[in-house]
**Q** 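There's a structure below that I have some questions on.
In this chain, numbering begins with 1 at the start of the sequence shown. Fair warning: this is a prediction, and the values are worked out from it, not measured in the lab.
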Amino acid sequence: MVKRTAGIHHITAIVGNPQENVDFYASVLGLRLVKKTINFDDPGTYHLYFGNEGGDPGTIITFFPWDNAYKGRIGDGQVGITSYAVPAGALGFWEERLAHYQVDYEKASRFGESSLRFDDPHGLHLEIVERSMGELNSWSFNGVKREAAIKGFAGATLFTSRAEKTAELLEQVLGFEKVGEEGEFIRFRSTAEIGNMIDVKTTSSGTGQMGVGTVHHIAWRAMDDADQLDWKNEIEAYGLGVTPVQDRSYFNAIYFREYGDLLFEIATDPPGFAIDESPESLGESLMLPKRYEQYRSGLMNDLILIKVRERE
């Protein structure tokens, strides 16, 4: 029997100025900044996490903001479009909101769903779609109420250099179900109600180049550490190399690059973001792993000051 991941755990992207990043995802999109920490592999850089009120798996987008870094190119080997789910009937609210904040958007339709497509300030391709599945997001900020708030990920569109192999991995290894084909896209669905729809683009978008405005990796969910080790064995049996387990404080992670050149991660659902902050104060303080605490004062001097703020 094929194992089945519940779907997307998180998506991690590279962006530019961190305050611009916060202003867009917290103030315009209404997501909660649930964790403010550093890139464990590059401690002079923030690692910012945005999601629903509890920072649940399937809602989290994370960022490495490198101010003044070089611009990337979205293409094969990357998540091309990150899709957000909003409640049924909320698309009109988001159309008005994007227009109010002067965010250019276009209307689109795929697999019978209408969407609004737009870019964030640093060039990431995003879309908003209505979905009846998934719990409402109870977080409310800067005019975004729960009846219209982003629930989490609707899914993602994968740009790949070998669409047949990426599709094979999703279906035969990760346990997604193929549910349709339309034009140059194949759609797969996982078992969860959020972060569950993955579209694979079957035609090339040209070679992607990592940099500002691109997705670094997409992470799939593992129930716990034991489940993650089972996944490691499954993926290695499929013929792909997998990293040792990496402790990311809020989850454990393993990484592998699939045959279509996308960097995939499998991350554990626990322990979550409330292990070092209370649920009420998530994202308010700079949280550091123990090995970096001795460098706190220096890091705080080097990092650009950021603030979650309301915008008219």
**Q** The criterion is side chain to side chain donor-acceptor pair (under 3.5 Å); which residues satisfy it with Trp94, sequence neighbours excluded?
**A**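 Not a single residue meets the side chain to side chain donor-acceptor pair (under 3.5 Å) criterion with Trp94.
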
**Q** Which residue pairs satisfy the side-chain hydrogen bond (donor to acceptor under 3.5 Å, both in side chains) criterion with at least one member in residues 96-106, sequence neighbours excluded?
**A**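 The answer is Glu95-Tyr105, Tyr101-Asn142.
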
**Q** Among all residues two or more places apart in sequence or in another chain, which pass the ring-ring contact (aromatic ring centres under 6.0 Å, His included) test with Tyr238?
**A**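 Residues passing ring-ring contact (aromatic ring centres under 6.0 Å, His included) with Tyr238: Tyr259.
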
**Q** Enumerate, atom names and distances included, each donor-acceptor pair closer than 3.5 Å involving a side-chain atom of residues 303-312, sequence neighbours excluded.
**A**
from   : atom 1 : to    : atom 2 : distance (Å)
Arg309 : NE     : Asp23 : OD1    : 3.0
Arg309 : NE     : Asp23 : OD2    : 3.4
Arg309 : NH2    : Asp23 : OD2    : 2.7

**Q** Enumerate the residue pairs fulfilling salt bridge (Lys or Arg N to Asp or Glu O under 4.0 Å) with a member in residues 214-224, sequence neighbours excluded, ordered by first and then second residue.
**A** Arg221-Asp269

**Q** Does anything in residues 273-304 pair up under ring-ring contact (aromatic ring centres under 6.0 Å, His included), and if so which pairs, sequence neighbours excluded?
**A** Tyr49-Phe273, Tyr250-Phe273

**Q** For Arg257, run the side chain to side chain contact (heavy atoms under 4.5 Å, CB included) check against Val242, Leu262, Leu263, Leu240 and tell me which one passes.
**A** Leu263

**Q** List in chain and number order the residues that pass side-chain contact (heavy atoms from CB on, under 4.5 Å) with Val179, two or more places apart in sequence or in another chain; answer none if no residue qualifies.
**A** Glu177, Arg187, Arg189

**Q** Take Phe64 and Tyr46, measure what side-chain contact (heavy atoms from CB on, under 4.5 Å) needs, and give me the verdict at the end.
**A** CA-CA 6 Å; Phe64 301 135; Tyr46 280 117; over 6 Å; no

**Q** Can you tell me which residue pairs pass the side-chain hydrogen bond (donor to acceptor under 3.5 Å, both in side chains) test with a partner in residues 71-82, sequence neighbours excluded?
**A**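 Residue pairs passing side-chain hydrogen bond (donor to acceptor under 3.5 Å, both in side chains), neighbours aside: Asp76-Ser204.
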
**Q** For Phe188, check ring-ring contact (aromatic ring centres under 6.0 Å, His included) against everything at least two apart and list the hits.
**A** none

**Q** Near Glu184 CD, under 6.0 Å, is it more than 12 heavy atoms from other residues, nucleotides or ligands?
**A** yes

**Q** Is there any salt bridge (Lys or Arg N to Asp or Glu O under 4.0 Å) pair reaching into residues 36-61, and which pairs are they, with sequence neighbours excluded?
**A** Asp41-Arg248

**Q** Could I get the full list of side chain to side chain donor-acceptor pair (under 3.5 Å) partners for Ser83, not counting sequence neighbours?
**A**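 Ser83 satisfies side chain to side chain donor-acceptor pair (under 3.5 Å) with Glu127 only.
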
**Q** Salt bridge or not for Asp276 and Lys35, using N-O below 4.0 Å?
**A** yes

**Q** Tyr255 and His217: aromatic ring centres closer than 6.0 Å?
**A**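 Centroid separation for Tyr255 and His217: below 6.0 Å.
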
**Q** Quick one: ring-ring contact (aromatic ring centres under 6.0 Å, His included) pairs with a partner in residues 107-160, sequence neighbours left out?
**A**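 Those involving residues 107-160 are Tyr84-Phe153.
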
**Q** Would Glu113 and Arg131 pass as an ion pair if we require N to O under 4.0 Å?
**A** yes

**Q** For Met133, does the CE atom sit with more than 12 other heavy atoms under 6.0 Å from it, leaving out its own atoms?
**A** yes

